[in-house]
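Notes follow the structure.
All heavy atoms count here, side chains included; hydrogens, waters and symmetry mates do not. Index from 1, following the sequence. Order of listing sets the numbers, starting from 1, for every ligand and every atom in it.
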Amino acid sequence: MTKAKILRTQIAERGLLHIMASHSPLSAILAEEAGFDGLWASGFELSALYGLPDMSLISMTQHLDMLRAIAGRSSLPIVADIDTGYGNAINVIHTIVEYERAGASAVVIEDKTFPKVTSLAPGGRQELLRVEEFQGKVEAAVAARQDSDFLVIARTEALIAGLGEPEALARAQAYVEAGADLILIHSKKTEPSEIESFSRKWSGSVPLVIVPNAYPDLHADRVKALGNIAMMIYGNYGIRAATTAMQETFRRIIADGGVQNVHKDIVAVEEVFRLQGMKSTKLNEQRYLR
Ligand code: SPV
Ligand code: MG
């Protein structure tokens with residue numbers, strides 16, 4: 001069974017999947033050990049890892065290289081954030097082939113213009129494509145996949161762009177008609193009312209995906225009660241957690257004049273050895289190095 005098939009089956013059977021953002025193989029290993037159902041190859045996280053804003057500055061090649069590395073070290077299905085698909089419908093065809101080959105089980109493609117501006121930035125320039133043009137991109141994505149279980153998730157930024165709920169619902173419906181397997185509805189409101197309202201009004205034939213970055217108080221039980229949300233993507237929690245840990249540790253080392261205090265509060269190097277797979281490498285050394 002392919003990972004895409006597993007993901008599809010889990011969506012059908014389990015109701016709500018928890019997908020953790022991942023910007024590196026190490027973060028993917030940690031997410032898998034913690035018990036997440038899948039990984040989000042986040043554009044925001046990878047941009048931040050490079051110290052860049054999430055504004056179409058990271059190339060497809062950079063994102064694919066990281067996705068391949070993640071796929072090599074995790075057994076979880078990967079939902080790839082392909083932003084706007086790197087161009088028009090023709091670019092999307094190439095993008096889908098490359099992401100499927102690199103090990104993704106699903107893509108999320110959003111209806112913004114290229115280059116995009118990250119969704120949660122205050123006052124960000126949020127321009128959306130014409131509905132027909134984005135439908136063409138979704139149709140191209142669906143036609144380009146090799147594995148029919150590979151999921152094409154269409155993301156509307158209508159709420160982010162301030163176009164209102166009727167526009168968001170109409171766009172979501174149009175994208176389902178173009179063949180989208182799921183709809184990602186994003187909101188930058190600091191409480192979940194906009195998302196809950198959208199979910200209640202959604203009568204489309206496919207389930208929804210949400211990214212509760214701006215409205216963190218939405219508990220999974222409340223999401224399940226809505227009944228039509230299949231995935232919660234924790235879209236920037238990996239890089240924020242890593243940033244908190246590094247900021248705190250680095251500042252303490254400078255303040256303390258050394259590592260004599262912090263070393264007790266961070267994992268021992270043996271834990272990193274474990275995550276790196278040193279044990280099996282040691283066994284291979286004994287076996288093969290003569
Ligand atoms: C990402 O993680 O790259 C996302 C989610 O697309 S957000 O940054 O909230 O738009
Ligand atoms: Mg993104």
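- Within the structure, ligand 1 has His186 among the residues with a heavy atom less than 4.0 angstrom away.
- Without hydrogens or angle criteria, Asn91 side chain to Asn88 main chain gives a donor-acceptor distance under 3.5 Å.
- Looking at every heavy atom in both residues, Lys224 comes nearest to Leu16 through CG-CD2, 3.8 Å.
- Residue Asp81 approaches the Mg ion (ligand 2) most closely through its N/O/S atom OD2.
- Using a 3.5 Å distance cut-off with no hydrogens or angles, the side chains of Ser42 and Asp81 do not pair a donor with an acceptor.
- Atom 2 (O) of ligand 1 has its nearest heavy-atom neighbour, among Ser47, Gly43, Ser42, Ser119, in Ser42.
- Between the side chains of Tyr99 and His63, at least one donor-acceptor pair of N or O atoms lies under 3.5 Å.
- Nearest protein heavy-atom neighbour of atom 5 (C) of ligand 1: Asn213 ND2, 3.8 Å.
- Checked by atom type, the side-chain pair Glu139/Gln135 shows no donor-acceptor distance below 3.5 Å.
- Ligand 1 is never approached by Lys188 to a heavy-atom distance shorter than 4.0 Å.
- In terms of N/O distances under 3.5 Å, ligand 1 is approached by Trp40.
- For ligand 1, the atoms lying closer than 4.0 Å to a non-hydrogen atom of Leu120 are 9 (O).
- Rounded to the nearest 0.5 angstrom, Thr9 OG1 and Met1 CE are separated by 5.0 Å.
- Contact between Asn236 and ligand 1 is absent, with no heavy atom of the residue lying under 4.0 Å from the ligand.
- For the residue pair Ser22 / Glu45, no side-chain donor-acceptor distance below 3.5 Å is found, with atom types taken as modelled.
- The closest side-chain donor-acceptor pair between Glu32 and Ser74 falls under 3.5 angstrom.
- The distance from the Mg ion (ligand 2) to the nearest N/O/S atom of Asp83 is not under 2.8 Å.
- For Glu45, no nitrogen or oxygen atom sits less than 3.5 Å from a nitrogen or oxygen atom of ligand 1, counting backbone and side chain alike.
- Looking only at protein heavy atoms, the nearest one to atom 10 (O) of ligand 1 is Arg155 NH2, 2.9 Å.
- Of all protein heavy atoms, the one closest to atom 8 (O) of ligand 1 is Phe44 CB, 3.6 Å.
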